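Only a predicted model underlies this, so the values are computations on that prediction, with no experimental measurement involved. To find a chain, count down the sequence lines: A is the first, B the second, and so on, and within it residues start at 1.
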Number of protein chains: 2
Amino acid sequence: MQAYDQRHEDILDSAESLFAQQGFHATSMRDIARAACISVAGLYYYLPSKQHALSFVCERIFDRLEAGTAESARYSDPYERLSAFVRGHLRYLLTNNRSYRVLLHDMQALDRESSSGVRVRRRRYFQSLVDLLAELEPHAEGNARVAAGALFGMLNWAPTWYREEADGDVEATAERLTELFLRGFRSSALVAEASS
Amino acid sequence: MQAYDQRHEDILDSAESLFAQQGFHATSMRDIARAACISVAGLYYYLPSKQHALSFVCERIFDRLEAGTAESARYSDPYERLSAFVRGHLRYLLTNNRSYRVLLHDMQALDRESSSGVRVRRRRYFQSLVDLLAELEPHAEGNARVAAGALFGMLNWAPTWYREEADGDVEATAERLTELFLRGFRSSALVAEASS
DNA sequence: ATTCGAATCGAATGAACGTTCGATAGAACG
DNA sequence: CGTTCTATCGAACGTTCATTCGATTCGAAT
């Protein structure tokens, strides 16, 4: 049933866009129905509940985020792998309108059973960067977790200040941030190594 | 009217706590009333509207944030000034429960006229860090804005990964992040200088 | 031609929302 | 003692919310 699936995706597109703009709790099922050009009752033919809508939207966003960073695994050089990861992550944040907001702001609105899947994926995604950093600087030891948190912060915050006309395209910004982070991480690791 | 002001503050405390935990739109006036041990109607003796409650809460949070970083101005050395700024900023984020969330997530729920004041303060706060960084590395030129964005990202994201038992106290974490950022910022600036 | 299931809708349901109203208790003041 | 003012409340207002129900359309299958 291709038609059904297509409509389902379109409706999730509308929901995702509204959640990203206004937040989950500020968006009503009527808003979603209006945006998707369907009646409110018709919406429930495709979505069991508003909670499920949020759950579906979160999963989709994660799919895309992971698809964008998965190419980093193709590189054998750890530096290139990190660089590709940052590029993929940042590209998702800075394009796709502002749908990353749903993950960052509205994921907490998921009830317990719906959220467990997404939370596991989030932890794994975080851990993949920790591992990458640990491989890049084996002497960093316990620093990798803090460094991963710092790097994710740098990246996740970028949409609040990034302006294409002032900062160049996404690739250039990704490289600047990678360099900024990596120089700090490397020399901190060297200090930690020297003092041990 | 000391009693009135005290009660007013108590009510804002309750509102702030609930906004931080659940978000603005997920918090009802009935929730606030229950937390503050007052009737719903009684709430309106102290607050003109829910929007005003959010506005008051945001202003209070900014007051405390600025009070915590204001001491950095006492130092003449730019490095120490940055270090103190980071310490003050991070101390606010990592203590005071999770009230920073109201600024980061719910400020956008303010309507146009209520938000202009807070938005101006936010811009000024950001600019103060840009200026500080520009002073620290005069050769960095246009990098200061991006660097300030990166640093704020590192700091604002910290509450999502920080755990006292694993990362030490707030001061130690502030110093680690300051070093991590500053080593990267300085060597990036040197590169930019050398290539010009 | 009749049946059937997929897709859609208008209308309703009960609950919760932000806000307002009129009343009341008690302290302060003349 | 009577009046005024501050702080408080229960009850209601009209609106919106997420969700459900029963009915309808329409192309495909029998």
Without decimals, in angstroms, what is the distance between [X] [atom1] and [N] [atom2]?
X: A/Arg34; N: C/dG10; atom1: CZ; atom2: P; answer: 13 Å
X: A/Gln2; N: C/dA6; atom1: CD; atom2: P; answer: 17 Å
X: B/Tyr46; N: D/dT6; atom1: OH; atom2: P; answer: 12 Å
X: B/His8; N: D/dT8; atom1: NE2; atom2: C1'; answer: 16 Å
X: B/Ile38; N: D/dT6; atom1: CD1; atom2: P; answer: 16 Å
X: B/Asp5; N: D/dA7; atom1: CG; atom2: C1'; answer: 14 Å
X: B/Leu43; N: D/dA7; atom1: CG; atom2: P; answer: 15 Å
X: A/Ile32; N: D/dC17; atom1: CD1; atom2: C1'; answer: 12 Å

Who pairs with B/Ser114 by side chain to side chain donor-acceptor pair (under 3.5 Å), at least two apart in sequence or on another chain?
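Once residues adjacent in sequence are excluded, the partners of B/Ser114 under the side chain to side chain donor-acceptor pair (under 3.5 Å) criterion are B/Asp111.
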B/Arg81 (side chain) donor-acceptor with B/Arg74 (main chain) under 3.5 angstrom:
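Absent.
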Per-nt protein contacts along nucleotides 18-29 of chain D (heavy atom under 4.0 Å; B base, S backbone sugar-phosphate only, - none) come out as BBBB--------
Inset, instruction - Step through it carefully: locate the ring centre of B/Tyr125, locate the ring centre of B/Phe85, and say whether they are under 6.0 Å apart. - result: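 Ring centres of B/Phe85 and B/Tyr125 closer than 6.0 Å.
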Is the B/Tyr100-B/His89 ring centre distance short of 6.0 angstrom?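 B/Tyr100 vs B/His89: aromatic centres not under 6.0 Å.
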I need the single residue from A/Val40, A/Leu18, A/Leu12 that forms a side chain to side chain contact (heavy atoms under 4.5 Å, CB included) with A/Ile32. Which is it?
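Going through the options one by one, the only one that passes is A/Leu18.
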**Q.** Pairing residues for A/His105 by the side chain to side chain contact (heavy atoms under 4.5 Å, CB included) criterion, not counting sequence neighbours
**A.**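 By the side chain to side chain contact (heavy atoms under 4.5 Å, CB included) rule, A/His105 matches B/His105.
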| said: Is there a side-chain contact between B/Arg7 and the phosphate of D/dT6, meaning an N or O under 4.0 Å from OP1 or OP2? | reply: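 Answer no for this pair, as no side-chain N or O of B/Arg7 is under 4.0 Å from OP1 or OP2.
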Would one find a side-chain N or O of A/Tyr45 under 4.0 angstrom from OP1 or OP2 of C/dC9?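 No, A/Tyr45 has no side-chain N/O under 4.0 Å of OP1/OP2 on C/dC9.
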